[in-house]
2 protein chains.
Amino acid sequence: MKNGLEELRKKRGIKQEELAEILEVSRQTIGSLENGRYNPSIVLAFKIAKYFNLIIEDIFIYKEE
Amino acid sequence: MKNGLEELRKKRGIKQEELAEILEVSRQTIGSLENGRYNPSIVLAFKIAKYFNLIIEDIFIYKEE
DNA sequence: TAAATATGGAAAGTAAACTTGACATATGTA
DNA sequence: TACATATGTCAAGTTTACTTTCCATATTTA
């Protein structure tokens with residue numbers, strides 16, 4: 001699963017910590033998602049998509065397997 | 001989070017057990033999702049959407065909170 | 001009636017998402 | 001140079017998704 005989170009965040013000009021506060025997760029969670037250490041829960045994926053006015057499929061690219 | 005999984009499955013005329021095999025999860029996982037005991041992982045949500053030729057947002061309705 | 005089929009759901013265990021806390025490094029700024 | 005800011009990442013702990021096993025119940029079929 002790839003994602004364009006880092007790029008979207010930088011385009012918005014906000015820090016990991018700021019995005020974390022908005023989404024109500026820790027800064028480490030944002031960093032872990034941006035660096036591919038794990039996938040978001042579906043709830044967090046929905047929150048992220050809503051914040052960027054996109055759908056989940058625009059941000060998270062499912063690679064089967 | 002609400003979802004229309006049971007309805008979609010029945011429209012396809014398949015059993016929980018058959019859908020479980022297709023998605024490579026247990027029958028209990030399908031039952032638990034249909035009855036709202038927990039939410040799917042984002043990977044499972046993608047697999048479900050793909051199987052029904054829909055996007056995640058068509059099947060899973062995010063209610064903030 | 002009895003046996004098979006489909007579903008609901010609990011219990012206990014594993015795996016993955018997420019937390020807090022800590023420390024390292026790189027870069028900007030005083 | 002020194003300090004602050006932003007990010008990377010690890011370790012240990014909690015929560016939640018998911019598994020396997022089991023049993024209950026409702027409906028269909030022999």
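By convention in this document, chain letters (A, B, ...) are assigned in the order of the sequence lines, proteins followed by strands, and residues within each chain are numbered from 1.
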Residues that B:F60 engages under ring pair (Phe, Tyr, Trp, His ring centres under 6.0 Å), provided they are two or more places apart:
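Partners of B:F60 under the ring pair (Phe, Tyr, Trp, His ring centres under 6.0 Å) test: none.
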Can you pull out every ring pair (Phe, Tyr, Trp, His ring centres under 6.0 Å) where at least one residue sits in residues 6-35 of chain A? Sequence neighbours excluded, please.
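Every pair satisfying ring pair (Phe, Tyr, Trp, His ring centres under 6.0 Å) with a residue in residues 6-35 of chain A: there are none.
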Taking side chain as C-beta onward, heavy atoms only, is [X] less than 4.5 Å from [Y]?
X	Y	value
A:R12	A:F52	yes
A:N3	A:I48	no
A:F46	B:I56	yes

Pairing residues for [X] by the side chain to side chain contact (heavy atoms under 4.5 Å, CB included) criterion, not counting sequence neighbours:
X	value
A:T29	A:V25, A:S26, A:L33, A:Y38, A:L44
A:R37	A:S32, A:N35
B:I61	B:K2, B:K63

List for me each residue that meets side-chain hydrogen bond (donor to acceptor under 3.5 Å, both in side chains) alongside A:E34, sequence neighbours excluded, and say none if there are none.
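Expected list: A:R9, A:Q16.
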Not counting sequence neighbours, which residues clear side-chain hydrogen bond (donor to acceptor under 3.5 Å, both in side chains) with B:K15? List them please.
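In terms of side-chain hydrogen bond (donor to acceptor under 3.5 Å, both in side chains), with neighbours along the sequence ignored, B:K15 is linked to no residue.
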Going from CD1 on A:I55 to CD1 on B:I55, what distance comes out if it is rounded to the nearest 0.5 angstrom?
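Reported value, rounded in 0.5 Å steps: 4.0 Å.
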Between CD on residue A:E17 and CD on residue A:E21, distance to nearest 0.5 Å
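Here the interatomic distance stands at 6.0 Å.
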Which atom of B:G13 lies closest to which atom of B:E18, heavy atoms considered:
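Reported closest heavy-atom pair: O-OE1, 4.5 Å.
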Kindly give the heavy-atom pair with the smallest separation between B:K47 and B:L23, and that separation in Å.
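Closest approach of B:K47 to B:L23: NZ-O, 3.4 Å.
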Roughly, in whole Å, what's the span from CD1 in B:I30 to P in D:dC18?
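In whole Å, D:dC18 P and B:I30 CD1 are 9 Å from each other.
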What integer distance in Å separates B:L23:CG from D:dC18:C1'?
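Taking CG of B:L23 and C1' of D:dC18, I get 13 Å after rounding.
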Enclosure of A:E7 CD (heavy-atom neighbours >12, cutoff 6.0 Å)
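No, not enclosed.
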Any residue of residues 40-49 of chain A with a heavy atom less than 4.0 Å from an atom of DNA chain C:
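Residues of residues 40-49 of chain A under 4.0 Å from DNA chain C: A:P40, A:S41, A:L44.
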Segment of DNA chain C, first to last nucleotide, that comes within the 4.0 Å heavy-atom reach of chain B:
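Terminal contacting nucleotides, 5' to 3': C:dA6 to C:dA10.
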Got a sec? Which of residues 4-11 of chain B come in under 4.0 Å of DNA chain D, heavy atoms?
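Listed by number, there are none.
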For nucleotides 24-30 of chain D, just jot down a letter per nucleotide in 5' to 3' order: B, S or -, based on protein non-hydrogen atoms under 4.0 Å.
-------
Please enumerate all protein N or O atoms sitting under 3.5 Å from an N or O of nucleotides 9-14 of chain D, with distances to 0.1 Å.
residue: D:dT9; atom: OP2; partner: A:R37; partner atom: NH1; Å: 2.8

